[in-house]
Structures are given as structure tokens and as C-alpha cells.
Amino acid sequence: IDIDEIAVRRIPALAAELGIDDGGSGVIVREIARGSIAEDIGLEPGDFILAVNDTDIDSVAALREAARTNGPWRVVIRRNGQRIAFSVGR
């Protein structure tokens, strides 16, 4: 998974484009590697990862730390302006 840190409160135009109006932070997915867990769970380029296991994701380091567990994971993303929550097991 190729991800970028985005603090949308610092980039209002990006927040509007992503449909995020709460001024939060997260990471945006740029690419998905074939055969990766990210592909298996249905993440798509452009998804904005907001939280994993009830922990707000405010950096790539926070996402990596949250994903370090063996699962299952509770993931909250923003896609096309909609907030989507799902659970994934490993």
C-alpha cells in the first residue's frame, strides 16, 4: 500500500474534495499492491483512512502501528464523500 499523510485541516480545498468537513487528519491511499491485504479488503486509491480499531489515524506511522496487530481490524475510511466502516479479519 502506498499512502500519503494528509492533514486536511491544513488543506481546506483537499478536505472539500474528499468530503471531509470535520477538520480531521488521516492518510490517503495512492496505490494498492496486487495481492496485498489492502487489495483483499477492498481499499482503493483515493480512499482516506480515518481510523483503525477506534484509533484516529493522523500519520503513516500511526497507520503502520495500528496495522501491526494480527487483526481483526475495524477500519473507517472516507470514499467519494461517504464515511464507510468495516471489519476485516486476517
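Residue numbers count from 1 along this sequence.
Taking CD1 of Ile77 as the start and CD of Gln82 as the end, the distance is 10.0 Å to the nearest 0.5 Å.
Remark: Glu39 engages no residue in a salt bridge (charged side-chain N to carboxylate O under 4.0 Å, His left out) (not counting sequence neighbours). The side-chain contact (heavy atoms from CB on, under 4.5 Å) check on Glu65 picks up Arg68, with sequence neighbours excluded. The side-chain contact (heavy atoms from CB on, under 4.5 Å) search around Asn53 returns Thr69, Trp73, Arg74, not counting sequence neighbours.
For the side chain to side chain contact (heavy atoms under 4.5 Å, CB included) with Arg78, the qualifying choice from Leu50, Ile49, Asp47 is Leu50, the only one to do so.
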#### Entry: Step-by-step side chain to side chain contact (heavy atoms under 4.5 Å, CB included) determination, Glu44 to Val29
CA-CA 7 Å; Glu44 299 176 3; Val29 177; over 6 Å; no

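The shortest heavy-atom contact between Gly42 and Arg79 is O-NH2, 3.0 Å.
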